[in-house]
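Report on one structure; see the data block that follows.
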Amino acid sequence: MSAVNATNFTSAVFLLTGIPGQEDVYLWISIPFSLIYAILIVGNSVILFIIKTDPSLHEPMYIFLSMLAITDLGISIATMPTILGIFLFNSREIRLDACFAQLFFIHSLQCIESSVLLLMAFDRFIAICNPLRYVSILTLPRIAKMGLVCVLRGVAVIIPLPLLLKQYQYCRANILSHSYCLHQEVMKMACSDITVNSIYGLSGSLLTMGLDSLLIFFSYVMIFKTVLSIASKVECLRALKTCVSHLCVVLLFYIPEISLSVIHRFGNSSSHLLQIVLGYVYLLVPPLMNPIVYSVKSKHLRVRIIRLFIK
């Protein structure tokens, strides 16, 4: 297909990319992707079901975990149609409006997930550094307000991106390098000046995910400082064990996120296959692994899951 014609904006399309050179085996490739989506949807849904139905899990840590599960399900639903559409039906075309909507949901949900990880770090900080005030600080109404702020911040920061993109004309090559739309890639397809989008996108990332990661780092500095002051080694290890799941989830989220962002903005000479693989890791691995990590590390949650399936 030829490049998008700038004078025909309303009917313009982008072409998504699966795995170049492997078109003959797309149907086989769709099998592991379908399994991944099935596992992550079932896994996160089970976490939500157990937390909702078990009153003993109506605690701040598990409420934040349910927020994380909802966000992961949202990201999965936002990407599943285009990723599976390519591998199952070789459906590569996506209209501009659909592309803008998809990138809005992907980036806003990623921003919300970053905020939830920060709240989970705050939960661990209060539990370890100020345990006597834990219940009075993290009340249910306050947790609900914090969750609402996370959602509003994610939407408010990201919504200008598709609105700005919609103002541009697209006359460059219309082939995207992923199976879904990302702002940092779509804006490069415009034949207009994208300085505003570039600066706003980078600033937004730094002020949301960058700031969140920095605050998470400082919260763990305070946590480790408190834990190391505990005289008993047993109590010290017990306190650290409560943070392991969250640390794993933070690393699973931020490492692919930062790596893909750096490659898109500064790694023009990087391998195209590396970008594609990292793109799948960036969106599929955290939602897949988050329920597994918490199920393995949380004894109470693990026991409830076992009871659910072995009744």
Side-chain angles (χ1 to χ4, degrees), residues 16-20 22-54 57 62 64-94 98-99 101-110 112-113 116-117 176 178-182 245 248-253 255-257 260 273 276-298 300-311:
L16 301 169
T17 300
I19 302 177
Q22 304 299 320
E23 288 80 6
D24 293 341
V25 291
Y26 269 6
L27 197 58
W28 292 104
I29 295 173
S30 70
I31 295 174
F33 276 97
S34 299
L35 286 174
I36 288 171
Y37 273 114
I39 292 169
L40 68 85
I41 289 172
V42 170
N44 285 289
S45 299
V46 166
I47 294 288
L48 285 172
F49 176 77
I50 289 174
I51 292 173
K52 184 179 184 300
T53 56
D54 189 345
L57 295 179
Y62 294 107
F64 290 135
L65 178 57
S66 66
M67 292 180 186
L68 187 68
I70 291 171
T71 308
D72 285 337
L73 284 172
I75 292 172
S76 305
I77 292 169
T79 59
M80 184 167 54
T82 52
I83 291 179
L84 292 185
I86 287 176
F87 293 120
L88 286 172
F89 310 110
N90 198 28
S91 176
R92 297 181 59 197
E93 290 190 358
I94 182 169
C99 185
Q102 185 182 50
L103 70 85
F104 165 74
F105 284 111
I106 290 174
H107 290 297
S108 59
L109 287 167
Q110 289 277 308
I112 293 168
E113 180 155 349
V116 172
L117 292 175
L176 302 176
H178 295 291
S179 305
Y180 47 84
C181 297
L182 292 176
S245 299
C248 291
V249 169
V250 167
L251 293 174
L252 284 170
F253 177 79
I255 290 176
E257 168 77 30
L260 189 64
L273 182 60
I276 293 171
V277 172
L278 196 56
Y280 289 127
V281 171
Y282 152 77
L283 282 183
L284 296 181
V285 171
L288 176 68
M289 294 304 299
N290 289 347
I292 295 173
V293 169
Y294 270 94
S295 299
V296 169
K297 298 305 296 182
S298 172
H300 197 161
L301 201 58
R302 185 170 66 250
V303 169
R304 287 289 290 110
I305 291 172
I306 293 171
R307 286 180 185 173
L308 181 66
F309 290 101
I310 312 179
K311 278 187 177 180

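Since the structure is predicted, the reported quantities are computational estimates derived from the model, not experimental observations.
- The distance from the CG atom of Leu278 to the CG atom of Leu283 is 10.0 Å, given to the nearest 0.5 Å.
- Across all non-hydrogen atoms, the minimal contact from Gln102 to Cys181 is OE1-N, 2.9 Å.
- Nearest heavy-atom pair, Thr82 versus Thr79, reported as atom, atom and distance to 0.1 Å: OG1-O, 3.2 Å.
- Taking CE from Met289 and CG from Leu252, the interatomic distance works out to 6.0 Å, rounded to the nearest 0.5 Å.
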**Test side-chain contact (heavy atoms from CB on, under 4.5 Å) applied to Ser245 and Val296, step by step** = CA-CA 9 Å; Ser245 299; Val296 169; over 6 Å; no
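- With contacts defined as side-chain heavy-atom distances shorter than 4.5 Å, the pair Tyr62/Ile50 does not qualify.
- Summarising the geometry, atom CD belonging to Gln110 is positioned 8.5 Å from atom NE2 belonging to His107; distances are rounded to the nearest 0.5 Å.
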Contacts under 3.5 angstrom, residues 65-74 side chains, donor-acceptor by atom type, not counting sequence neighbours:
residue: Ser66; atom: OG; partner: Ile63; partner atom: O; Å: 2.5
residue: Thr71; atom: OG1; partner: Met67; partner atom: O; Å: 2.9
residue: Asp72; atom: OD2; partner: Asn290; partner atom: ND2; Å: 2.8

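- Of all the heavy atoms in Gly279 and His178, the pair that sits closest is CA-CE1, 3.9 Å.
- Using a 4.5 Å heavy-atom cutoff, the side chains of Arg302 and Ile306 are in contact.
- Counting all heavy atoms, side chain and backbone alike, Cys248 lies closest to Val293 at CB-CG1, 4.0 Å.
- The neighbour count for Phe105 CZ, taken as heavy atoms of other residues, nucleotides or ligands under 6.0 Å away, does not exceed 12.
- Interatomic distance, CD of Glu113 versus CD of Glu257, reported as 9.5 Å (0.5 Å rounding).
- Without hydrogens or angle criteria, Tyr26 side chain to Ile19 main chain gives a donor-acceptor distance under 3.5 Å.
- Residues Val249 and Tyr294 meet the side-chain proximity criterion, which asks for heavy atoms closer than 4.5 Å.
- Summarising the geometry of Pro287 relative to Asn44, their closest heavy-atom pair is O-ND2, 3.1 Å, with the distance given to 0.1 Å.
- Proximity of Leu27 to Leu88: side-chain heavy atoms (C-beta onward) are separated by under 4.5 Å at one or more points.
- No side-chain heavy atom of Val46 sits under 4.5 Å from any side-chain heavy atom of Pro291.
- Between the CG atom of Leu16 and the CD1 atom of Ile83 there is a distance of 9.5 Å, given to the nearest 0.5 Å.
- Between the side chain of Ser179 and the backbone N or O of Thr17, at least one donor-acceptor pair lies under 3.5 Å.
- When side chains are defined from C-beta on, Phe49 does not count as touching Lys52, because their heavy atoms never get closer than 4.5 Å.
- Side-chain contact between Pro20 and Ile276 is present, with heavy atoms from C-beta onward closer than 4.5 Å.
- Contact record, Tyr280 with Tyr180: N-OH, 4.0 Å, taken as the closest heavy-atom pair.
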**Request:** Go through the steps for Leu117 and Phe64 under the test side-chain contact (heavy atoms from CB on, under 4.5 Å), then give the verdict.
**Result:** CA-CA 8 Å; Leu117 292 175; Phe64 290 135; over 6 Å; no
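- Taking OG of Ser76 as the start and CD1 of Ile39 as the end, the distance is 12.0 Å to the nearest 0.5 Å.
- Considering only heavy atoms from C-beta on, Val116 stays 4.5 Å or farther from Phe253 through its side chain.
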